[in-house]
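Residues: numbered from 1 along the sequence shown.
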Amino acid sequence: MGKVIAVDGPAGAGKSTVSKIVAAKLGYTYIDTGAMYRAVGLKLLRTGTELAEIVDGIEIELDDKARVFLDGQEVTAEIRTPEISKLASDVSKFGFVRKKLTELQRKMAQRGSVIMDGRDIGTEVLPNADVKIFLTASLEERARRRFEELKAKGQAADFDAVKTEIALRDKQDTEREIAPLRQAADAVLVDSTNLTIEQVVAQILAICSTH
Ligand code: DC
């Protein structure tokens, strides 16, 4: 059985980009836990139903191409909007939402050979992970990356608005009571502010080979 790798950090640090590449290089499964909170946010937006009811019956699936399915329907592109980013962060503060998704995430990691990214993977979801990475970058750089990403997708974006949105989400995710974003005591810190994607991937692979 291969390792379990946990990658945590704030929005825009590059977690999903590098985790996908590391997964491909190692032949591991990539699990994007943020996508799961986004799916809950999307269902709330679509149905306006009571959150407890949504969580109770929700079906979330991630396939091996990192596609996301909500109740059997693909929502991969739909969950990548600033509105859903904010909603995902909003719903993530509720204990019953976290409990449900944490259970699903632990099941997904059971077979090993996985790299899972999120906010609380090394601290809460998989405290016994073989490798823990805390990936961060300056707010300015994370906002720049997210801004470029939105522009490339043809979504109109204003840099300052993107930066404000990320700062607000950082604050919410760090200050919430249950499983807040923080670096696990045994996580290795990687600051990607001045690194290329390839350099971050190389650092993570090097860390994996020594753990
Ligand atoms: O990684 P992301 O930007 O797609 O995550 C969206 C939101 O979901 C994030 O702002 C907080 C929440 N989240 C969480 O609380 N715990 C996780 N493990 C992953 C995401």
Side-chain angles (χ1 to χ4, degrees), residues 5-26 28 30-39 41-42 62 65-68 75-92 115-123 131-176 180-184 187-208:
I5 307 168
V7 181
D8 290 302
K15 299 185 298 295
S16 70
T17 305
V18 300
S19 296
K20 268 184 214 163
I21 300 173
V22 170
K25 286 196 189 272
L26 297 176
Y28 278 24
Y30 165 58
I31 302 167
D32 176 356
T33 65
M36 301 170 75
Y37 287 93
R38 286 169 182 271
L42 177 63
L62 308 174
K65 293 187 180 73
R67 288 184 300 201
V68 186
V75 295
T76 315
E78 232 182 309
I79 58 170
R80 302 289 160 197
T81 66
E83 186 182 22
I84 297 294
S85 301
K86 170 75 169 57
L87 267 175
S89 178
D90 291 346
V91 300
S92 77
I115 178 162
M116 186 179 278
D117 80 352
R119 302 291 186 288
D120 63 337
I121 311 307
T123 51
V131 183
K132 295 182 188 177
I133 309 283
F134 194 82
L135 184 61
T136 190
S138 69
L139 173 63
E140 192 74 18
E141 176 61 16
R142 291 186 289 117
R144 194 190 62 76
R145 291 176 190 168
R146 199 41 63 86
F147 173 69
E148 294 299 336
E149 215 175 87
L150 289 169
K151 243 181 30 185
K153 284 195 292 187
Q155 291 184 25
D158 170 72
F159 178 77
D160 289 325
V162 172
K163 192 169 152 186
T164 305
E165 184 262 316
I166 290 188
L168 172 70
R169 210 140 60 89
D170 283 356
K171 187 171 155 58
Q172 276 197 176
D173 295 345
T174 317
E175 292 180 359
R176 71 170 172 240
L181 168 66
R182 62 182 172 81
Q183 183 180 345
V188 181
L189 178 69
V190 176
D191 185 337
S192 72
T193 308
N194 296 306
L195 300 178
T196 63
I197 292 168
E198 292 71 26
Q199 287 171 326
V200 178
V201 168
Q203 277 202 19
I204 293 178
L205 288 172
I207 294 163
C208 290

- Heavy atoms, side chains only, cut-off 4.5 Å: are Val201 and Lys25 in contact? yes

- Mark yes or no for whether Glu198, through its side chain, and Ala202, through its backbone, hold a donor-acceptor pair below 3.5 Å. no

- If you look at every heavy atom in Pro10 and Asp170, which pair is closest and at what distance? CB-OD1, 3.6 Å

- Which pair of non-hydrogen atoms, one from Gln183 and one from Ala187, has the smallest distance, and what is that distance? NE2-O, 3.2 Å

- Message: Using the salt bridge (Lys or Arg N to Asp or Glu O under 4.0 Å) criterion, which residues pair with Glu83? Sequence neighbours excluded.
- Response: none

- Item | Heavy-atom pair with the smallest gap, counting every atom of Arg169 and Ala11 | NH2-CB, 3.3 Å

- Looking only at heavy atoms, which two atoms of Ile115 and Ala23 are closest? And how far apart? CG2-CB, 3.6 Å

- Between Gln203 and Leu195, is any pair of side-chain heavy atoms under 4.5 Å apart? yes

- Query: Between Glu78 and Leu42, is a side-chain contact (heavy atoms from CB on, under 4.5 Å) present by the stated rule, with each step listed?
  - Reply: CA-CA 8 Å; Glu78 232 182 309; Leu42 177 63; 3.8 Å; yes

- Query: Just by distance, do the side chain of Asp32 and the backbone of Ala35 share a donor-acceptor pair under 3.5 Å?
  - Reply: yes

- Task: Compare all side-chain heavy atoms of Met116 with those of Ile5 and state whether any distance is below 4.5 angstrom.
- Result: no

- Task: Would you give the length of the straight line joining atom CG of Asp120 to atom OG of Ser92, rounded to the nearest 0.5 angstrom?
- Result: 8.5 Å

- Message: Could you check whether any side-chain N or O of Thr33 sits under 3.5 Å from a backbone N or O of Asp117, counting only pairs where one atom can act as donor and the other as acceptor?
- Response: yes

- Task: Report yes or no: does Asp8 contribute a side-chain atom to a donor-acceptor pair with the main-chain N or O of Phe134 at less than 3.5 Å?
- Result: no

- If you round to the nearest 0.5 Å, how far is CD of Gln155 from CG of Leu150? 5.0 Å

- Message: Run the salt bridge (Lys or Arg N to Asp or Glu O under 4.0 Å) test against Lys153 and tell me which residues pass, sequence neighbours left out.
- Response: none

- Between Asp90 and Gln172, is a side chain to side chain donor-acceptor pair (under 3.5 Å) present by the stated rule, with each step listed? CA-CA 8 Å; Asp90 291 346; Gln172 276 197 176; 3.1 Å; yes

- Query: Should the pair Asp173-Arg119 be classified as a salt bridge under the 4.0 Å nitrogen-to-oxygen rule?
  - Reply: yes

- Message: If the condition is salt bridge (Lys or Arg N to Asp or Glu O under 4.0 Å), which residues does Glu175 pass it with, not counting sequence neighbours?
- Response: Lys171

- Message: Under the rule for ring-ring contact (aromatic ring centres under 6.0 Å, His included), what residues qualify as partners of Tyr30, not counting sequence neighbours?
- Response: none

- Residue list, salt bridge (Lys or Arg N to Asp or Glu O under 4.0 Å) with Arg182, at least two apart or on another chain: none

- Note on the structure: dist Thr123:OG1 -> Leu181:CG (nearest 0.5 Å) comes out at 8.0 Å

- Would a distance-only check, ignoring hydrogens and angles, find a side-chain to backbone donor-acceptor pair under 3.5 Å from Arg38 to Ile79? yes

- Message: Looking at every non-hydrogen atom in both residues, tell me the closest pair between Ile121 and Ala6 and how far apart they are.
- Response: CG2-CB, 3.6 Å

- Task: Rounded to the nearest 0.5 Å, what's the gap from SG on Cys208 to OH on Tyr28? Could you check?
- Result: 7.0 Å

- From Glu140 atom CD to Arg144 atom CZ, the distance as rounded to the nearest 0.5 Å: 9.5 Å

- Starting at NZ of Lys163, measure out to CG of Asp158 and round the result to the nearest 0.5 Å. 11.5 Å

- Item | Exercise: identify the closest heavy-atom pair between Ala157 and Val162 | CB-CG2, 4.1 Å

- Message: Using modelled atom types and a 3.5 Å cut-off, is there a donor and acceptor pairing between side-chain atoms of Thr193 and backbone atoms of Ser138?
- Response: yes

- Query: With sequence neighbours left out, which residue pairs that include part of residues 153-176 fulfil the ring pair (Phe, Tyr, Trp, His ring centres under 6.0 Å) condition?
  - Reply: Phe147-Phe159

- Could Lys86 and Glu165 be called an ion pair, given the rule that one side-chain N must be under 4.0 Å from one carboxylate O? no

- Task: Apply side-chain contact (heavy atoms from CB on, under 4.5 Å) to Thr17 and Val200, showing your working.
- Result: CA-CA 10 Å; Thr17 305; Val200 178; over 6 Å; no

- Short side-chain donor-acceptor distance under 3.5 Å, Asp191 and Thr136: no

- Ile204/Val18 under side-chain contact (heavy atoms from CB on, under 4.5 Å): CA gap, chis, key distance, verdict: CA-CA 9 Å; Ile204 293 178; Val18 300; 3.9 Å; yes

- Task: Show your working on side-chain contact (heavy atoms from CB on, under 4.5 Å) between Leu62 and Met36 and close with a plain yes or no.
- Result: CA-CA 8 Å; Leu62 308 174; Met36 301 170 75; 4.2 Å; yes

- Item | N/O donor-acceptor pair under 3.5 Å between Ser19 side chain and Ser16 backbone | no

- Do you know which of Lys15, Glu141, Arg145 makes side-chain contact (heavy atoms from CB on, under 4.5 Å) with Ser192? Arg145

